[in-house]
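Bear in mind that the values here come from a model prediction, so they are computed numbers and not experimental data.
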Amino acid sequence: MVDRLPRPPSAAGGPWPRRWIAYERYRIVHESSIESLIAEGIVSSDRTSFYDRVEAGRLARVLLTGRIETVSGGILHIEKRLATQVRYGRPHVLTSLYAYHAQTMLTRGAIDIFRYDNCHGPADTLHRHNYDSQGHELGEEPISLEELPPLSRIVRDVEFYARYVSGQAGEDRD
């Protein structure tokens, strides 16, 4: 019998609205969200960075990449590509590629716990890869952009699963 991972408890709030947003605001929201997760004792390390590509004197592309580690050994690898355009005289961004790959570290090594991505097409091809408690892929399910949780919720889910899987494996991280 396959040991499917349970769904994490639902959280208040909905998904981040998919719309053009001022780039400086996007960065502030991202950074304050991570700071809150650190203050709550969920995130132990944030190694994400923004990389700006400037062409002909204007912001042409943005990449947010790196990894976030949770206190229970969860790891979230992130790659987000953001399209850019100037609105009201300021650069605005809109995510065009999502890749969130969640793993947890056990004594025997890293195991996959879930992955969201649209790496094989436009944003409307977004899907979630599901794994069992041993890290074996069970398949994928399409999801809409409206169903994609915000990054803070995804990080909370990584921590939930890291605790769950380490408990199943008999590993105590406390």
Side-chain angles (χ1 to χ4, degrees), residues 5-16 18 21-53 59 61-82 84 93-119 126-137 140 143 145 147-174:
L5 292 171
R7 289 286 185 191
S10 60
W16 179 261
R18 182 171 159 75
I21 182 170
Y23 181 40
E24 66 268 14
R25 171 122 174 87
Y26 186 94
R27 288 185 70 134
I28 289 168
V29 168
H30 172 81
E31 290 161 5
S32 66
S33 176
I34 298 300
E35 288 170 7
S36 293
L37 291 166
I38 291 170
E40 289 177 48
I42 294 170
V43 168
S44 59
S45 173
D46 171 31
R47 296 188 202 148
T48 57
S49 298
F50 286 90
Y51 295 95
D52 301 346
R53 182 168 180 180
L59 185 64
R61 221 172 278 124
V62 176
L63 176 67
L64 171 59
T65 188
R67 70 190 251 169
I68 295 172
E69 298 174 9
T70 72
V71 296
S72 297
I75 302 165
L76 182 63
H77 302 274
I78 299 169
E79 182 176 343
K80 291 178 77 173
R81 294 183 190 158
L82 289 78
T84 64
V93 294
L94 178 70
T95 305
S96 59
L97 180 133
Y98 298 86
Y100 298 117
H101 185 176
Q103 298 178 305
T104 191
M105 287 301 295
L106 299 176
T107 305
R108 65 180 190 263
I111 67 165
D112 295 324
I113 49 181
F114 66 82
R115 187 171 79 231
Y116 290 103
D117 70 66
N118 68 319
C119 296
L126 187 64
H127 55 275
R128 177 186 161 113
H129 297 259
N130 297 302
Y131 297 85
D132 67 15
S133 62
Q134 301 300 309
H136 302 112
E137 187 167 1
E140 60 184 59
I143 64 167
L145 286 168
E147 295 172 299
L148 180 66
L151 179 60
S152 60
R153 176 74 247 166
I154 292 172
V155 171
R156 290 176 193 285
D157 291 353
V158 171
E159 173 61 7
F160 169 83
Y161 285 124
R163 285 187 178 276
Y164 177 84
V165 171
S166 66
Q168 292 287 331
E171 297 188 17
D172 186 15
R173 298 199 196 291
D174 295 330

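- The two residues V43 and D46 have their closest heavy-atom pair at CG1-N, 4.4 Å.
- Using a 4.0 Å cut-off between a side-chain N of Lys or Arg and a carboxylate O of Asp or Glu, E140 and R115 do not qualify as a salt bridge.
- For the pair Y100/V158, no side-chain contact is recorded, criterion being any heavy-atom separation below 4.5 Å from C-beta on.
- Atom-to-atom distance recorded for S36:OG and I42:CD1 is 9.5 Å, nearest 0.5 angstrom.
- Counting heavy atoms from C-beta on, the side chains of R163 and V71 come closer than 4.5 Å.
- H77 places none of its side-chain heavy atoms less than 4.5 Å from the side chain of E79.
- In plain terms, the two heavy atoms of G73 and A162 that are nearest each other are C-CB, 4.2 Å.
- Expressed to the nearest 0.5 Å, how far CG of D117 lies from OH of Y98 amounts to 12.5 Å.
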Exercise for the section: Starting from the C-alpha separation in whole Å, work towards a yes-or-no answer on side-chain contact (heavy atoms from CB on, under 4.5 Å) for H101 and H129. Expected result: CA-CA 9 Å; H101 185 176; H129 297 259; over 6 Å; no
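- We find the OG1-OH distance between T70 and Y161 to be 13.5 Å, quoted to the nearest 0.5 Å.
- Put simply, the side chain of L82 reaches to within 4.5 Å of the side chain of Y26, judged on heavy atoms.
- Counting only heavy atoms from C-beta outward, the side chains of Y23 and T84 never approach each other to under 4.5 Å.
- Contact check for E159 versus L37: no side-chain heavy atoms found under the 4.5 Å cut-off.
- Residues K80 and H30 have side chains not in contact (no heavy-atom distance under 4.5 Å, counting atoms from C-beta outward).
- Closest heavy-atom contact between S72 and T104: O-OG1, 4.2 Å.
- Note that OG1 of T48 is 5.5 Å distant from CD1 of I34, once rounded to the nearest 0.5 Å.
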Handout entry: Stepwise side-chain contact (heavy atoms from CB on, under 4.5 Å) check, E137 with D112
Key = CA-CA 8 Å; E137 187 167 1; D112 295 324; over 6 Å; no
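- Interatomic distance, CZ of R81 versus CZ of R53, reported as 11.5 Å (0.5 Å rounding).
- Heavy-atom minimum distance, I143 versus E147: CA-OE1, 3.3 Å.
- With values rounded to the nearest 0.5 angstrom, L64 atom CG is found 9.5 Å from Y51 atom OH.
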Exercise for the section: Please lay out, stage by stage, how L76 and L151 fare under the test side-chain contact (heavy atoms from CB on, under 4.5 Å). Expected result: CA-CA 10 Å; L76 182 63; L151 179 60; 3.7 Å; yes
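- Between I111 and Q134 the shortest side-chain heavy-atom distance does not fall below 4.5 Å.
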